[in-house]
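Written out below as structure tokens is the structure these notes cover.
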There are 2 protein chains.
Amino acid sequence: MRATIMHAAGDVRIENVPDATIVEPTDAVVRVTRACICGSDLWPYRGMEPSEGGQSMGHEAIGVVEDIGADVRTLKRGDTVIMPFACSDGTCAFCKEHLYTACVHVAFFGNNGMMGAQAEAIRIPNADGTLFAIRQKIDDALMPAVLTLSDVMGTGHHAAVVAKVGPGKDVAVVGDGAVGLCGVIAAKRLGAERIIILGHHADRIALAREFGATDVVSERGPQAIGRVRQLTRGEGAHAVLECVGHGAAMATAIEITRSGGAVGRVGVPQDETMPASQPAFYRNITIGGGPAPVRAYIDELLPDILEGRIQPAKVFDRVVDLDGVPKGYREMNDRKSIKVMIRP
Amino acid sequence: MRATIMHAAGDVRIENVPDATIVEPTDAVVRVTRACICGSDLWPYRGMEPSEGGQSMGHEAIGVVEDIGADVRTLKRGDTVIMPFACSDGTCAFCKEHLYTACVHVAFFGNNGMMGAQAEAIRIPNADGTLFAIRQKIDDALMPAVLTLSDVMGTGHHAAVVAKVGPGKDVAVVGDGAVGLCGVIAAKRLGAERIIILGHHADRIALAREFGATDVVSERGPQAIGRVRQLTRGEGAHAVLECVGHGAAMATAIEITRSGGAVGRVGVPQDETMPASQPAFYRNITIGGGPAPVRAYIDELLPDILEGRIQPAKVFDRVVDLDGVPKGYREMNDRKSIKVMIRP
């Protein structure tokens, strides 16, 4: 079968790899109907050292179950499934608390030898615990939106939940990538009154406004901080969604948070330390977040997608087949595309 | 009147200073009946550069109102009052949310020109908002415990609240100083099942056990982390109270927190950055805390003190008069005393 392999920074290739097959009796094999390229895929795209054999890419997908192992109980061939970006056993203490990304058997697709989802098919370990089977009939036009539940929409929602977004709150979203844009959707959906997006790409800002952003701050650094304060009675935002992952974004996120407020961070942190420890402390700011337990959020978000109340699929502004994936990486990296959907 | 002035690291003197008097019509003057030395006073005691005129010390006190300004409405001469370590106006948006330490008029006793409480008397700005008047008659023997509500007990409680301590939770307390010990009291009071104290001073550990600690971890660094994990099914503690303030303590706090758990930090951070950003992220750990809004907690904690259910006064193992204050600093700094009470 064909799959996406990254060999070094900027070097993404579509290659023939061994077919996905059942290895453990708890596995399923899913034929990927839609996958996508994640903002976090751009970190290795910019910095990966050349590696022998390369790195299998992709951790977001929906598809159809093609095969199941002997011990799989809740799925059958032909089921349409959402594949969260991490696999989880569904039975450990953390899974029972719905923190699936802390599962004692957690494994991330495309990492540590697990194959990625930017491929024709993918092997799913712990299929019962990992996959979310969609039992209702869904119009194909809604499938791109359903795909966002495998990561980007669930991740934006996680940032909003951790930042304690709620009715009447002032919210700021740091980063206008696809996750930040889904953070805007989540903030609006959770009742935020003012939603300030920090970003400076015209196409993304336009989409943020469409999703419910009430204010745009295109300045950076101290200017951005001043502008957000100005928009929030000099206080800062109650809830701040950090959707970038580098230190400067985190510092801005902390500085624009109101005393007693919370930062929900979902940008994969690129630094070992966190900035602005003292400002965060003196203002009693809470900082939380991490890999979103997106599986936990599907039950809550899917109805809103199926009934058209939220339209996260708008973050996809390019659709490619597998051959188009290398170009998709290039365009996302060059900021020509917000997010690329793949139809293998 | 006489007051405590620090002139440089290690140089604490009792000096004659101008009497505390009403300056603003919203002021009160309080005769200090009991004050104390805080662990945070030891940071300048170890590192303060020599300064002209020195630094007035002390931010924890109880006392009796001696005088009030013309605009003071809720207090009268002779009232017994608790003086939280920060003054607050009681009317701003943050005070209404009970985050008094974020008051738009917040000021910290002994800082930025405000006189300190290790003195015969002290001027209290915004007296109506700042002081908590005790209306019931209290046995003098309970007054040391009441004094702890001005900072140390309220601060330990804040750490526990921010760390989301609750019934059945596993709690770890990093630091066996007076705040950490009050954190143990708070954790027990809030229903924690297992309370692990990290520390290695025999007298403090003994008191921690008396306050409800179920386990003691005297190792440091990786060994301490391993021990806490061993005590918590390999997972870490749900709630971790960071009561030290330096980077190594914070790194330990994060590493011993269970995935999805929370760190409540009240140790004054000595570093500009926070360590272990990536472990905190990958395990979805929440980090919060800061200067405790101790005034907000008095209503909840005072009855437990008056009825003897908690006995935070046991952290005081030395009592001195003003002349004894320099020795008190020395003994706390040398770890010969846990916390020194002052009867001016």
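Residue numbering restarts at 1 for every chain, and letters A, B, ... go by the order of the sequence lines. For clarity, every value in this text was computed on a predicted model and none was experimentally measured.
B:Glu272 places no side-chain N or O within 3.5 Å of a backbone atom of A:Pro275 that could act as its donor or acceptor partner. Between the side chain of A:Asn284 and the backbone N or O of B:Pro291, at least one donor-acceptor pair lies under 3.5 Å.
In terms of heavy-atom pairs under 4.5 angstrom with chain B, the leader among A:Ala292, A:Ser277, A:Gly289 is A:Ser277. Contacts with chain A were tallied for B:Gly264, B:Ser259, B:Gly288; B:Ser259 has the most, counting heavy-atom pairs under 4.5 Å. For the set B:Asp271, B:Val106, B:Thr273, B:Val263, the entry with the most heavy-atom pairs within less than 4.5 Å of chain A is B:Thr273. The greatest number of non-hydrogen atom pairs below 4.5 Å with chain A, out of B:Arg233, B:His158, B:Glu97, B:Arg258, is found for B:Arg258. With chain A as partner, the option from B:Val104, B:Thr101, B:Val162, B:Val266 having the largest number of non-hydrogen pairs under 4.5 angstrom is B:Val266.
To the nearest 0.5 Å, atom NZ of residue B:Lys164 and atom OG1 of residue A:Thr286 are 7.5 Å apart.
Contacts of A:Ala280 with chain B are made by both backbone and side-chain atoms, with heavy-atom separations under 4.5 Å. Of the two parts of A:Leu99, only the side chain, counted from C-beta on, holds a non-hydrogen atom closer than 4.5 Å to a non-hydrogen atom of chain B.
No more than 12 heavy-atom neighbours from other residues, nucleotides or ligands sit within 6.0 angstrom of NE2 on A:His105.
For A:Tyr282 against B:Val268, the heavy-atom pair with the smallest separation is OH-CG1, 3.2 Å. Looking at every heavy atom in both residues, A:Gln278 comes nearest to B:Gln270 through NE2-C, 3.7 Å.
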- Task: Report the C-alpha distance between B:Glu235 and A:Phe94 in whole Å, list the side-chain angles of each, state the deciding distance to 0.1 Å, and finish with yes or no for side chain to side chain contact (heavy atoms under 4.5 Å, CB included).
- Result: CA-CA 10 Å; B:Glu235 294 174 356; A:Phe94 294 99; 4.1 Å; yes
